Amino acid sequence: MMKSYQVSKDGFYGEFGGAYVPESLSCAMNGLRTAYLEILESDDFRKEYHALLKDYVGRPSPLYHAERMSRKYGCRLYLKREDLNHTGAHKINNAIGQLLLARRLGKKRIIAETGAGQHGVAVATVCALMDMPCRIYMGAIDVERQRVNVERMRMLGAEVCPVCSGGSALTEAVDVAIADWCEHPDDTFYVIGSAVGPHPYPDMVARLQSVISKEIKEQLMEHEGRDYPDYLMACVGGGSNAAGTIYHYLDDTRVKIVLGEAGGHGAESGETAATMSCGTPGIIHGSRTLVMQDDKGHVMEPYSISAGLDYPGVGPLHAHLSQTRRAEIISVNDDEALRAAFELTRMEGIIPALESSHALAMLPKMKFRPDDVVVLTVSGRGDKDIETYLAKRNEIEV
Ligand SMILES: *Cc1c(COP(=O)(O)O)cnc(C)c1O
């Protein structure tokens, strides 16, 4: 019972996970797999990691009791403010951890891929801090959609490489990043930005983000006199902010887990990124998980208004939580997310990222009791999405 939702020794969560990588990477992957736990748990690593989280990122991020929203939704709603981190989202927690790990493995060059640009900015930021050369792959469409983040990465000293194959989005950027790594497995570290990819990445990323739920425990104790909520809510792209939010509560069945994925124009519409609602088991980017694919196993092009959720796969942990019903999965459409963004802005004075708005948009779909304690993670801030918000503002009644 106790360890049921943790990763197994060979990297599986139930039937999902594993490491399906090309032969040319098996040596680098073996090195990582045998080393990561010992490094992550060493005193030396923990000291350096937590010092940077505190003084560079600005942790702990606040747990804010949102009173007006609590009244509206009939519960005690707390927002976990990852939007207040340096670089504006939770991704920096992971980027710092993986860079510290890369250094300890003697790697000299960093590569990464990015969708919304948030992971790219986090990696470029930490590479500047640690004086490491850095190349970021990004779909050509995302380069267009996220201009400001591209310029931030370049200003930080990263080389940004637009990828023009296929749908020119995150999926293709991941393919090219993997190809780069296959060519340079010895000196290069591939920083994956979400709880996806071959083992041990999903577990490593979940552990590096688990600082979120560790803080939630302490902060709830302070606010509520008990260290667990009734509900944990988060959005899921690949699943890293959600994994961090739930990590220390996975085996605590008092806590209900509710995850929001991107419905796009609707899970049934064909224009969607609702992988857990629409996907079937398959292998994508090195792990067995739920994938949006046709009968022949061709990966479908995902769609969401949010570049950070626009991915046809999902982390293997989340596929497992969905399949075992440990987590309730709700598909949130573009218009619902937009409405939620305007609502939080007007009611609490917080402009959330479009991704985070997918978590907020689940609130009207819930049935809470008045004394339910609900913790919802605001994964990032909305500065990067202002143009979208302005363009859509007239379509949304606030
Ligand atoms: C990247 C991103 C996400 C989605 O990624 P996860 O790995 O699912 O957390 C969510 N919110 C923000 C603000 C992001 O930048």
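Every number for a ligand or one of its atoms is a count from 1 in the order of the listing. These numbers come from a predicted model, not from an experiment.
- Remark: ligand 1 and His90 share an N or O pair separated by less than 3.5 Å (distance only, no angle test).
- The residues Lys72 and Glu343 are annotated as salt-bridged, a charged nitrogen and a carboxylate oxygen being separated by less than 4.0 angstrom.
- With no hydrogens or angles considered, a side-chain donor-acceptor pair links Asn93 and Glu82 at under 3.5 Å.
- Residue Leu309 has no N or O atom closer than 3.5 Å to an N or O atom of ligand 1.
- A salt bridge is defined here as a Lys NZ or Arg NE, NH1 or NH2 lying under 4.0 Å from an Asp or Glu carboxylate O, and Glu48 with Arg103 meets this definition.
- Arg381 does not count as a contact of ligand 1, since none of its heavy atoms falls under 4.0 Å from the ligand.
- Formation of a donor-acceptor pair under 3.5 Å by the Asp230 side chain with backbone atoms of Val373 is found in this model.
- Within a 6.0 Å radius of CD in Glu41, other residues, nucleotides and ligands contribute more than 12 heavy atoms.
- Considering backbone and side-chain atoms together, Lys384 places no N or O closer than 3.5 Å to any N or O of ligand 1.
- Residue Gly308 has no N or O atom closer than 3.5 Å to an N or O atom of ligand 1.
- At least one heavy atom of Cys235 sits under 4.0 Å from some atom of ligand 1.
- Judged by distance alone, with hydrogens and angles left aside, the side-chain atoms of Asp372 form a donor-acceptor pair with the main-chain N or O of Arg369 at under 3.5 Å.
- The contact set between ligand 1 and Gln118, taken as ligand atoms under 4.0 Å from a residue heavy atom, comprises 15 (O).
- Lys54 NZ: 12 or fewer foreign heavy atoms inside a 6.0 Å radius.
- Residue, atom and distance of the protein heavy atom nearest to atom 6 (P) of ligand 1 are Ser240 N, 3.3 Å.
- When only modelled atom types and interatomic distance are considered, Tyr190 and Asp180 share no side-chain donor-acceptor pair under 3.5 Å.
- For atom 12 (C) of ligand 1, the closest non-hydrogen atom of the protein is Ser379 OG, 3.4 Å.
- For atom 1 (C) of ligand 1, the nearest protein heavy atom (residue, atom name, distance) is Lys91 NZ, 1.4 Å.
- Shortest contact from atom 10 (C) of ligand 1 to any protein heavy atom: Glu355 CB, 3.3 Å.
- Listed by number with element, the atoms of ligand 1 under 4.0 angstrom from any heavy atom of Gly237 are 8 (O).
- Other residues, nucleotides and ligands place more than 12 heavy atoms under 6.0 Å from the CG atom of Asp187.
- With a 4.0 Å heavy-atom cut-off, ligand 1 is reached by the side chain of Ala353 but not by its N, CA, C or O.
- Close contacts of ligand 1 with Gly380, meaning ligand atoms under 4.0 Å from a residue heavy atom, involve 13 (C).
- Judged by distance alone, the side chains of Asn149 and Gln118 do bring a donor and an acceptor atom under 3.5 Å apart.
- For the 3.5 Å distance criterion, the side chains of Arg109 and Thr188 qualify, holding a donor opposite an acceptor.
- For ligand 1, the atoms sitting less than 4.0 Å from at least one non-hydrogen atom of Val236 are 8 (O), numbered in the order shown with element in parentheses.
- When only non-hydrogen protein atoms are considered, atom 7 (O) of ligand 1 lies nearest to Ser194 OG, 2.5 Å.
- At a 4.0 Å heavy-atom cut-off, ligand 1 touches Asn241 through backbone and side chain alike.
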